[in-house]
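Each remark here refers to the structure printed beneath this line.
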Amino acid sequence: MNILVTGGAGYIGSHVVEELQKSGFTPIVYDNFSTGHEAAVPDEVQLVEGDIHDVRFAKHIMEQFKIDAVIHFAASSLVGESMTDPAKYYFNNVEGSLHLLEAMRGAGVDRMVFSSTAAVYGEPEAVPITEDSRLAPTNVYGRTKLAIEGMLADYDHAYDMRYVALRYFNAAGASPTRDIGEDHSPESHLIPLILKTAQGVRKQVSIFGTDYPTADGTCVRDYIHVCDLAKAHVLALKHLLSGGSSRVYNLGSENGFSVRQMIDSAKKVTGVDFPVVEEARRAGDPAVLIASSAKIREELGWEPQHSSVDEVISTAWKWHKGHPHGLSLIHISEPTRLRRIS
Ligand code: UFG
């Protein structure tokens with residue numbers, strides 16, 4: 001079956017492409033390369049250079065490749081930037097998703113797995129966070145993803161467009177089998193920043209806040225291995241393709257680790273005692289975010305297998321060691337370029 005993966009050249013998208021191939025699906029990557037990397041897409045996968053805003057082109061591609069379902073990652077996803085440039089986030093995320101849904105409707109494609117986020121919850125009233133917890137995003141990024149979830153529910157109600165929205169906690173780690181990993185620009189995520197420091201590419205890693213009401217005073221997060229996330233997308237896809245109804249699921253490991261614990265684990269895994277400095281809190285960071293993923297475990301049989309902190313960090317470390325400057329400097333061979341349709 002043919003699956004259109006918007007944003008398939010990005011970090012999570014490229015790992016899902018790998019898992020789709022392993023599971024016998026044919027992924028077609030649809031990406032505008034604003035943040036994605038051509039090198040993250042395997043040679044044998046069809047690449048389409050396109051924008052989700054381009055309704056006619058997206059519809060044409062869905063018809064040409066006889067697409068059975070869409071997995072939708074294409075989005076702007078930096079929390080800090082979303083606060084300083086909300087227009088970009090409402091345009092790329094909300095309006096872009098609306099355009100993609102219209103292309104799907106035009107092409108008669110009626111199944112979508114959607115990349116949502118734990119940021120839809122904001123500051124939690126209690127942990128672990130279940131899907132029924134209060135939805136009160138504290139940043140624009142979370143508000144745009146919540147708006148898209150609402151749009152999907154309305155499209156389901158009115159047009160029978162079935163979806164699974166997956167609310168990720170902290171995606172981390174890298175594929176142990178393919179040469180893909182986490183590379184944002186600018187980088188703001190804890191694990192890549194720690195590992196770039198261990199490599200000597202950055203001078204020091206900052207701890208944002210040591211006065212939180214947690215055991216060691218630093219923020220606690222739920223880190224989930226990107227390969228476990230990828231498996232959940234395939235389960236969600238199979239659920240929809242076998243006639244399942246729309247669903248919303250959390251994806252987390254259900255374990256919390258503090259910033260200090262992540263730094264200690266990285267020092268152990270890398271064998272490097274890199275410099276760490278303590279700084280003030282970063283605005284908008286909740287103290288503790290831990291998922292309950294009971295719903296997807298019970299309903300779809302999802303079971304995270306790679307999300308121990310050491311495995312998360314060691315797979316990320318293996319990738320970072322090979323890519324001290326990320327993916328952007330990798331030379332793309334001619335045959336790879338020929339895969340593009342634009
Ligand atoms: N942190 C530091 N120093 C750094 C960077 C981060 O101490 O240099 C801390 C943060 O304060 C936070 C933790 O490390 O407590 C994790 O920070 P990240 O930026 O890696 O991730 P966030 O938890 O802020 O955000 C993640 C995803 C978002 C998503 C959010 C959901 O990256 O896309 O979870 O709540 F929206």
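Position 1 is the first residue of the sequence, and the numbers go up from there. When a ligand or atom number is given, it counts from 1 through the structure's own listing order.
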Between Lys88 and Glu81, is there a side-chain N and carboxylate O pair less than 4.0 Å apart?
-> yes

Would you please indicate yes or no on a ring centroid separation below 6.0 angstrom for His233 and Tyr168?
-> yes

One finds that the ligand 1 atoms under 4.0 Å from a non-hydrogen atom of Tyr141 are 33 (O), 36 (F)

Between Arg167, Glu187, His189, which one has a non-hydrogen atom sitting closest to atom 32 (O) of ligand 1?
-> His189

The complete set of ring pair (Phe, Tyr, Trp, His ring centres under 6.0 Å) pairs with one or both residues in residues 90-122, sequence neighbours excluded, reads His53-Phe91, His53-His99, His72-Phe114

What part of Pro286, side chain from CB on, backbone N/CA/C/O, both or neither, has a heavy atom under 4.0 Å from ligand 1?
-> neither

For a side-chain hydrogen bond (donor to acceptor under 3.5 Å, both in side chains) with Arg247, tell me which candidate from Glu299, His239, Glu131 qualifies.
-> Glu299

Determine whether more than 12 heavy atoms belonging to other residues, nucleotides or ligands lie under 6.0 Å from atom NZ of Lys66.
-> no

Of all the non-hydrogen atoms in the protein, which one sits nearest to atom 4 (C) of ligand 1, and at what distance?
-> Phe208 CE1, 3.3 Å

Note, Leu101 side chain near Leu152 side chain (heavy atom, < 4.5 Å) | yes

Pairwise salt bridge (Lys or Arg N to Asp or Glu O under 4.0 Å) hits with a residue in residues 161-175, at least two apart = Glu149-Arg167, Asp156-Arg162, Asp160-Arg162

Identify the protein heavy atom lying closest to atom 29 (C) of ligand 1, giving its residue, its atom name and the separation to 0.1 Å.
-> Thr117 OG1, 3.5 Å

Nearest-option assignment for atom 9 (C) of ligand 1, heavy atoms, candidates Ile263, Val259, Leu289 | Val259

Among all protein heavy atoms, pick out the one at the shortest distance from atom 31 (C) of ligand 1; state its residue, atom name and that distance to 0.1 Å.
-> Ala119 N, 3.5 Å

Nearest heavy atom to atom 13 (C) of ligand 1 wins, so pick from Tyr121, Tyr223, Phe169.
-> Tyr223

Name the closest protein heavy atom to atom 24 (O) of ligand 1, giving the residue it belongs to and the distance to 0.1 Å.
-> Arg282 NH2, 2.8 Å

What atoms of ligand 1 come within less than 4.0 Å of a heavy atom belonging to Ser188?
-> 5 (C), 19 (O)

Give the cluster check for Phe169 versus Trp302: same hydrophobic cluster or not, with ILVMFWY residues linked at side-chain heavy-atom distances below 4.5 Å.
-> no

the protein heavy atom lying closest to atom 11 (O) of ligand 1 turns out to be Asp285 OD2, 2.6 Å

Hey, does the side chain of Tyr89 reach the backbone of Leu78 with a donor-acceptor pair shorter than 3.5 angstrom?
-> yes

Which residue supplies the protein heavy atom nearest to atom 20 (O) of ligand 1, what is that atom called, and how far is it?
-> Leu190 N, 2.8 Å

Of the protein's non-hydrogen atoms, which lies at the shortest distance from atom 15 (O) of ligand 1, and what is that distance?
-> Cys219 CB, 2.9 Å

Atoms of ligand 1 close to Ser206 [distance to a heavy atom under 4.0 angstrom, numbered from 1] = 2 (C), 3 (N), 4 (C), 7 (O), 8 (O)

When you check the gap from the basic side-chain N to the acidic O, do Arg111 and Asp68 get nearer than 4.0 Å?
-> no

Relative to the heavy atoms of Ile207, which atoms of ligand 1 are at a distance of less than 4.0 Å?
-> 7 (O)

Give the single entry among Ile129, Asn170, Thr138, Thr214 that approaches atom 22 (P) of ligand 1 most closely by any heavy atom.
-> Asn170

Looking at Arg178 and Glu19, does any basic side-chain N land under 4.0 Å from a carboxylate oxygen?
-> no

Considering the heavy atoms of Val79, write down every atom of ligand 1 situated less than 4.0 Å from one of them.
-> 36 (F)

